[in-house]
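Both ligands and their constituent atoms are indexed starting at 1 by order of listing. Along the sequence shown, the residues carry numbers beginning at 1. Owing to the predicted nature of the structure, the values given are computational and were not obtained by experimental measurement.
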Amino acid sequence: METTVQDTDALAISGGEPVREETLAYGGQTIEEDDINAVAETLRADLLTTGPKVDAFEKVFADFVGTEEAVAVSNGTAALHAAMHAIDIGPGDEVIVPTITFAATANSVTFEGGTPVFADVDPDTLLLDPESVEERVGPDTKAIVGVDYMGQPCRYDTLRDIAETHDLVLLDDACHAIGGRYKGRPVGSLADLNTFSLHPVKNMTTGEGGMITTDDAGWAEKMRQFRNHGITSTHHERTEEGSWYYEIPEAGYNYRLTDFQCALGMSQLGKLPGWVERRREIAGRYDEAFHSMESIEPVERRDDATCAYHLYVIRLALDQLQADRKTLFEALQAEGIGVNVHYIPVHLQPHYRKNFGTESGLCPKAEAAYERILTLPVFPRMTESDVEDVIRAVRKVVSTYRR
Ligand SMILES: *Cc1c(COP(=O)(O)O)cnc(C)c1O
């Protein structure tokens, strides 16, 4: 059924009426009165940073994902950096990362002097392909980072087997996936270290913010020092002890998250399951609508995983269309749908080509997938009519360009 709009409606890009006047963004935060009140209350308290809300947020976050420890930091990139530091990545060390990810996954390896080694992805799910990981493992490999693209967890049982066989640390860049599950287990507990971003576009937010979860108390302590200049005690601990003295065994950064951000995080986390449910509902509507459209293949979801739908990504069947992704992107933007592309394969970035010698052909499945992906809007505040607008616009654009 592709008849709700007349196939003859002129595209907005060709001067026709757009589906929407105002552009619908591809994502966005939900901030409610109780979130605002939680922040305001903390702003009136004594400690704006390194206070009780940080410990409290870490505790509820760890409980939510089912780990012993959670360490709050200033953003998702800092979370990745702290994780690389915790496991002693340094010059000469290689860390395997998927090339379909936000660049911070690979960049963070280089912050500590390590070398990211780009692995290919499964063309149906765009998740790290365990076979490609196996091919990349060498004597200098120290760790594997899975990225739960779209919010769908990687195949962690398989990745775990590879990590154990070669004595590697397994990490999950779970920035898309808070609220997701793999074989019933919550995202955040699937790898040795799991990192989150709490940027407004992600499934919950603290403005800027990040978190690392782990069962390893030693790593957690190391990361708490790392986020605080490398100092072994906090200012408040020293005040309580009546001492000024502190030590810096190793230099760190200022990657702290404030108390009022942590108050917002706690308020948001309570509502996250409902929001993920809403994301799943919207994804279900898209799946249903696109099922009959041959020129569109949504990225596949596996039965053993519960996707948290940070993103909803379609793949265009380019052989059935008379236009490329760029044209469809522009046509959908013109219709008022804020489509996006996640992601340009990281190994194709000039920085990596120039400094790490990567080139096209290194990850052929990812490179081919990149040519045909489009991200559609999905976030909890979308109304039914927003969802319908997206479906109408996709139908209109795709039917116009169909061969
Ligand atoms: C958002 C994101 C990051 C970076 O998080 P920031 O909070 O923006 O620093 C890293 N990896 C992935 C996969 C992300 O989506």
TODO: Please collect all ring pair (Phe, Tyr, Trp, His ring centres under 6.0 Å) contacts where either partner lies in residues 125-170, sequence neighbours excluded, each pair once.
DONE: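 Non-adjacent pairs meeting ring pair (Phe, Tyr, Trp, His ring centres under 6.0 Å): zero.
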Task: Within residues 55-64 or reaching into it, pairs that qualify as side-chain hydrogen bond (donor to acceptor under 3.5 Å, both in side chains) - sequence neighbours excluded - done: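 As it turns out, the side-chain hydrogen bond (donor to acceptor under 3.5 Å, both in side chains) pairs with a partner in residues 55-64, which skip direct neighbours, are E58-R224, E58-R227, K59-D63.
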Task: Criterion salt bridge (charged side-chain N to carboxylate O under 4.0 Å, His left out) on R285 and E281, from CA distance to verdict - done: CA-CA 6 Å; R285 286 282 299 113; E281 225 171 74; over 6 Å; no
Task: Geometric class of the F356/Y352 ring pair [parallel <30°, tilted 30-60°, perpendicular >60°] - done: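 Tilted.
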Task: Check: H176 ring centre within less than 6.0 Å of F102 ring centre - done: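 Not close enough - the centres of the two rings lie 6.0 Å or further apart.
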TODO: Could I get the full list of side chain to side chain contact (heavy atoms under 4.5 Å, CB included) partners for E250, not counting sequence neighbours?
DONE: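 Listed in chain order: H85, K222.
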Contacts table for ligand 1: protein N or O within a distance under 3.5 Å of ligand N or O, distances only.
from: ligand 1; atom 1: 5 (O); to: S197; atom 2: OG; distance (Å): 3.3
from: ligand 1; atom 1: 7 (O); to: G76; atom 2: N; distance (Å): 2.7
from: ligand 1; atom 1: 7 (O); to: S197; atom 2: OG; distance (Å): 2.7
from: ligand 1; atom 1: 9 (O); to: G76; atom 2: N; distance (Å): 3.3
from: ligand 1; atom 1: 9 (O); to: T77; atom 2: N; distance (Å): 2.9
from: ligand 1; atom 1: 9 (O); to: T77; atom 2: OG1; distance (Å): 2.6
from: ligand 1; atom 1: 11 (N); to: D173; atom 2: OD1; distance (Å): 3.4
from: ligand 1; atom 1: 11 (N); to: D173; atom 2: OD2; distance (Å): 2.8
from: ligand 1; atom 1: 15 (O); to: H176; atom 2: NE2; distance (Å): 3.0
from: ligand 1; atom 1: 15 (O); to: K202; atom 2: NZ; distance (Å): 3.1

